[in-house]
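One structure is given here, and the rest of the page talks about it.
Only a predicted model underlies this, so the values are computations on that prediction, with no experimental measurement involved.
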Amino acid sequence: MKNFIKTNISQDSLALLLVQAPVALSMLMGNDFIIQVANPQMLTLWGKPPEIIGSKLIDAIPELQGQPFMNILSNVKSTGNPYKGYKEKCYLVRNGKTEECFFDFIYAPIFNDDESEVIGISVVATEVTDQVLAEKKLAETEYKFENLIKESDYAIALYTGKDHIIEVANDKMLEAWGKNKSVIGQTIREGIPELEGQPFLEILRNVFETGKTYSATEDKVLLAKDGKLETFYYNFSYKPLINENGNVYAILNFATNVTDLVLAKKKIEENEGKYKNLADSLPIIIWTADKDGNIDYYNKKWYDYTGFEGIDSREAATHKILHPDDVERAMQVWRRSQESKSPYEIEYQFKDTQSEDSYKWFLGRAVPIKDINDEIIQWIGTCTDINEFKQFQQQKDNFLGIASHELKTPLTSLKLYSQYLEKNLRKQDDQKNADVAMKMDDQINKLTGLVNDLLDVTKIQNGKILLNKSNFNFDELVAEIITEQQMSTSHRIYLDSENIGDIYGDRHRISQVMSNLISNAIKYSPDSDKIQITTKLTEEGCVQFSVRDYGIGIPEDKKNKVFEQYYRVSGSKEHTFPGLGLGLYISSEIIKRSGGRIFVNSIEGKGSDFCFEIPKKHKSH
C-alpha cells in the first residue's frame with residue numbers, strides 16, 4: 001500500500017481521496033498532529049465544524065486532554081507501528097454536551113518519500129456507541145434475568161431442545177429435585193431418572209411439539225430425597241419459548257412447592273369429616289354461618305327434622321320452620337346479636353313435620369367466632385329440642401298454680417286463728433304466749449307472700465296476669481310504700497323525689513314492684529343502715545323509680561341474670577338470703593307489661609341501684 005501510494009498517488013490526491021471516502025477519515029501531520037484532512041464523516045464523529053482543519057488536534061478537540069488518545073498517537077508516530085482500537089471509550093463534546101462514545105479505529109503512520117521518517121498519522125474510525133450500549137444493556141438484562149432466576153422464590157428451570165437438556169436450574173429447583181448442579185447439561189431424563197413412569201416427560205414432549213403452555217395445580221410428583229422416593233405436591237407450568245422462525249427451542253419451567261398446604265388441606269378435610277360425623281351423630285341441630293350470618297352448613301338432624309333438601313337463607317328458613325308468633329321476635333334477637341357481636345339464646349317453636357298444625361319447643365343458641373381484631377369470622381349455632389322440658393314446666397306451673405290456690409284458703413284460716421289466739425292471750429295477760437302467736441302470724445304472712453309469688457309466676461307463664469290500669473298519684477304511692485317498709489326495718493330509708501303527680505298504670509302491681517325492690521335492698525345490705533329512693537321524670541316522659549343500697553352488690557357477669565325466674569344469690573352467702581328467687585322476675589314482668597323497662601347498675605361489694613321506668617301517660621294505639 002505504501003509503495004502504491006508512493007509511486008502512484010501524491011499526498012494531495014490522497015487527501016482528496018480521504019475527504020471523499022464514505023468512512024470517517026482524517027490525516028494528522030507533524031509532531032503537533034495538525035489536522036490536514038478531516039472528511040465530513042470524521043467532523044460529524046468529532047462533533048466539530050470544518051474550521052478546525054489546519055488546527056492542532058488538541059486545540060480543536062480539547063476534551064482529549066487527559067484521555068489516552070494523544071499518547072497513543074505519539075507512540076504510533078515514534079515507533080511507526082499502527083494501533084487498532086476496538087470499542088474504545090472516548091468522551092467528546094458534541095452539540096455543547098459531553099458524551100460517552102465508543103469507537104473502532106486505526107491509527108496508521110504516514111511516512112515521507114523515502115520512508116525514513118513518520119510525518120503524520122492517518123485515522124480511520126467507526127462509531128460503535130449504539131452497539132456497545134446495546135451489548136451492555138443485553139448483558140445487564142442477562143445478569144438481571146440470571147439473578148432473578150437465582151434469587152426467585154419460585155423453582156425455575158430451562159430445558160432446551162427436544163431432548164430437554166437442563167440448561168438452567170436455580171437453587172430452588174435443584175433443592176426440589178434433591179440434586180446438585182451436576183445435573184445441568186444433562187437431559188432431564190438423565191438428571192432426574194425417577195420421573196420415568198410419571199407423566200411429566202410426556203407432558204414436556206407434548207409442550208415442545210404443540211407449543212402450548214401446560215399448567216397444573218397441586219400435582220403429585222415422586223422425587224428422590226436422600227436416596228428415598230418421597231411424595232410432593234407442586235403448582236407448576238411448562239411454557240414454550242419460540243425462536244424467530246416460530247419454532248419451540250426451549251421450555252421454561254416454573255414450580256412452587258405446595259406440599260405443606262396440600263397436606264394441611266387433607267388434614268382439614270379429614271377433621272371436617274370427623275366433625276361432620278360427630279355433628280351428624282348428635283341429637284341436636286347444628287348450623288354454621290359466615291360472618292354476615294349466611295347459613296353455610298346444617299347437620300343431618302336439621303334435614304331429618306325439617307325435611308328440607310338444601311340450604312335456605314336465614315330469613316327463608318325462619319319463615320318456613322318457625323311459628324308465626326315467633327318469627328319477628330327471633331329476627332330481632334338475631335339482629336341485636338349481630339350488632340353487638342355477642343351470643344344469643346332464645347326459645348321458639350318449630351313446626352312439627354310429623355303432625356299437621358303442631359309445633360315443638362326448641363332452644364336456639366349461637367356464638368360468634370372472632371379473630372384477633374375482635375371481628376366476627378363465623379357463627380356457630382345449635383337448636384335443642386326442649387319440648388318435653390316445656391311440657392314438664394307447664395305441668396309444674398299448673399301444679400304450682402293449683403297448689404298455691406289450694407294453700408290460700410287454709411292460710412287465710414290459719415291467719416285468722418293466729419290473730420284470734422294472740423288477741424285472747426293478751427286479754428288473759430299471757431304476753432309471752434301472745435308474742436309467740438304474733439311471731440306465728442309473721443311467719444304466716446311470709447308464707448302467704450311466697451304463695452302469692454308462686455301464683456303470680458303461674459299467671460305470668462300462662463299469660464293470665466292482668467293489669468288493672470287507672471290514674472293514680474305516684475308521689476302518694478311512693479310515700480305510702482316507704483312508710484310501710486320503714487315500719488319493719490332498722491334501715492333508714494331516704495327519699496329524693498321530684499313532683500311526679502298522676503300517672504296511668506296498675507297501682508297495686510306498681511306498689512308490689514316498689515315493695516320488692518326496697519325489701520331486696522334491705523335484705524342484701526345487712527351491714528349498711530341506709531337505703532336511698534329517687535324518683536324523677538325522664539326526658540322521654542317516663543317516670544323513673546330507683547332504689548339504691550350499699551350492700552353486697554352483684555358481680556358483672558351476674559347482673560343480667562337477676563331478673564330470671566328462680567335466680568338467687570349464689571356463692572358462700574347463699575344461705576344468708578332466703579327466698580325463691582321470684583320477686584325480681586315478677587317485678588320485671590309487671591314492668592314489661594306496663595310498657596316500661598327495669599334494670600340494675602351495681603358494683604360488687606359496694607351496692608346496687610335497681611331502677612324501673614314506666615310511661616307517665618296512657619299510650620293510645
Side-chain angles (χ1 to χ4, degrees), residues 272 275-370 375-395 397 460-465 560 563-565 585 588-589 592-593 595-597 619-621:
E272 283 180 347
Y275 290 130
K276 183 178 182 299
N277 290 335
L278 175 62
D280 286 342
S281 67
L282 293 175
I284 61 174
I285 291 170
I286 299 174
W287 56 266
T288 62
D290 64 18
K291 61 184 178 64
D292 298 317
N294 300 311
I295 303 292
D296 50 30
Y297 168 77
Y298 285 116
N299 70 338
K300 186 173 180 293
K301 182 70 175 176
W302 167 264
Y303 297 105
D304 289 345
Y305 182 84
T306 63
F308 296 166
E309 294 182 356
I311 293 180
D312 292 314
S313 68
R314 176 180 294 277
E315 190 168 352
T318 299
H319 281 88
K320 276 186 180 181
I321 196 70
L322 283 190
H323 191 287
D325 294 344
D326 293 335
V327 170
E328 183 56 34
R329 180 170 60 90
M331 295 304 291
Q332 287 179 356
V333 168
W334 163 243
R335 285 192 288 267
R336 284 198 297 269
S337 186
Q338 270 189 308
E339 291 170 1
S340 61
K341 300 181 181 179
S342 61
Y344 74 75
E345 183 175 299
I346 182 175
E347 293 181 2
Y348 38 33
Q349 300 172 81
F350 278 15
K351 185 179 291 183
D352 186 352
T353 55
Q354 305 300 316
S355 179
E356 193 172 350
D357 297 329
S358 180
Y359 289 84
K360 286 186 175 181
W361 281 98
F362 278 76
L363 174 65
R365 289 192 179 100
V367 293
I369 308 301
K370 302 178 182 178
E375 294 297 325
I376 295 174
I377 57 177
Q378 186 184 36
W379 289 86
I380 298 177
T382 61
C383 300
T384 307
D385 187 340
I386 58 170
N387 203 58
E388 288 187 10
F389 169 75
K390 293 293 285 187
Q391 290 177 348
F392 170 75
Q393 189 178 50
Q394 183 63 47
Q395 293 170 356
D397 291 340
I460 290 169
Q461 295 292 344
N462 294 318
K464 294 180 179 179
I465 187 168
N560 293 331
F563 297 107
E564 294 179 4
Q565 189 177 351
Y585 168 71
S588 68
E589 291 298 322
K592 287 178 186 175
R593 284 165 169 76
R597 69 185 187 105
K619 289 185 177 180
S620 58
H621 297 281

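A search for ring-ring contact (aromatic ring centres under 6.0 Å, His included) contacts involving Y303 returns nothing, not counting sequence neighbours. With sequence neighbours excluded, no residue satisfies salt bridge (Lys or Arg N to Asp or Glu O under 4.0 Å) with D296.
Residues D352 and Y305 approach most closely at CA-OH, 3.6 Å, considering heavy atoms. The minimum heavy-atom distance linking Q349 with D326 is given by the pair N-OD2, 2.9 Å. Scanning all heavy atoms of the two residues, the minimum distance from E345 to L363 falls at CG-CD1, 3.6 Å. Taking each heavy atom of K370 and K341 in turn, the nearest pair found is NZ-O, 2.9 Å. For the residue pair R365 and W287, the shortest heavy atom distance occurs at O-CZ2, 4.4 Å. Here the closest non-hydrogen pair linking P343 and V367 is CB-CG1, 3.9 Å.
Listed for the N387 side chain is no donor-acceptor partner under 3.5 Å among the backbone atoms of K360. For the pair T382 (side chain) and I286 (backbone), a donor-acceptor distance under 3.5 Å is absent.
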*Could you check R335 against E328 for salt bridge (charged side-chain N to carboxylate O under 4.0 Å, His left out), going step by step and ending with a plain yes or no?*
CA-CA 11 Å; R335 285 192 288 267; E328 183 56 34; 3.1 Å; yes
_One pair to check against side chain to side chain contact (heavy atoms under 4.5 Å, CB included): R336 and Y344. What are the steps and the verdict?_
CA-CA 9 Å; R336 284 198 297 269; Y344 74 75; over 6 Å; no
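Residues W302 and C383 have side chains not in contact (no heavy-atom distance under 4.5 Å, counting atoms from C-beta outward).
Atom NZ in K351 sits 10.0 Å away from atom NE2 in H323 (nearest 0.5 Å). Considering CG of D290 and CH2 of W379, their distance stands at 11.0 Å, rounded to 0.5 Å. T318 OG1 to Y348 OH: the interatomic distance, rounded to the nearest 0.5 Å, is 8.0 Å. The OG1 atom of T384 sits 4.5 Å away from the CD1 atom of I284 when rounded to the nearest 0.5 Å. M331 CE to Q338 CD: the interatomic distance, rounded to the nearest 0.5 Å, is 8.5 Å.
Counting non-hydrogen atoms of other residues, nucleotides and ligands closer than 6.0 Å to CD of Q332 gives a total above 12.
The pair D304-K301 does not meet the salt-bridge criterion, since no charged nitrogen lies less than 4.0 angstrom from a carboxylate oxygen.
Using a 30° and 60° split on the angle between ring planes, F350 and F362 fall in the parallel class, below 30°.
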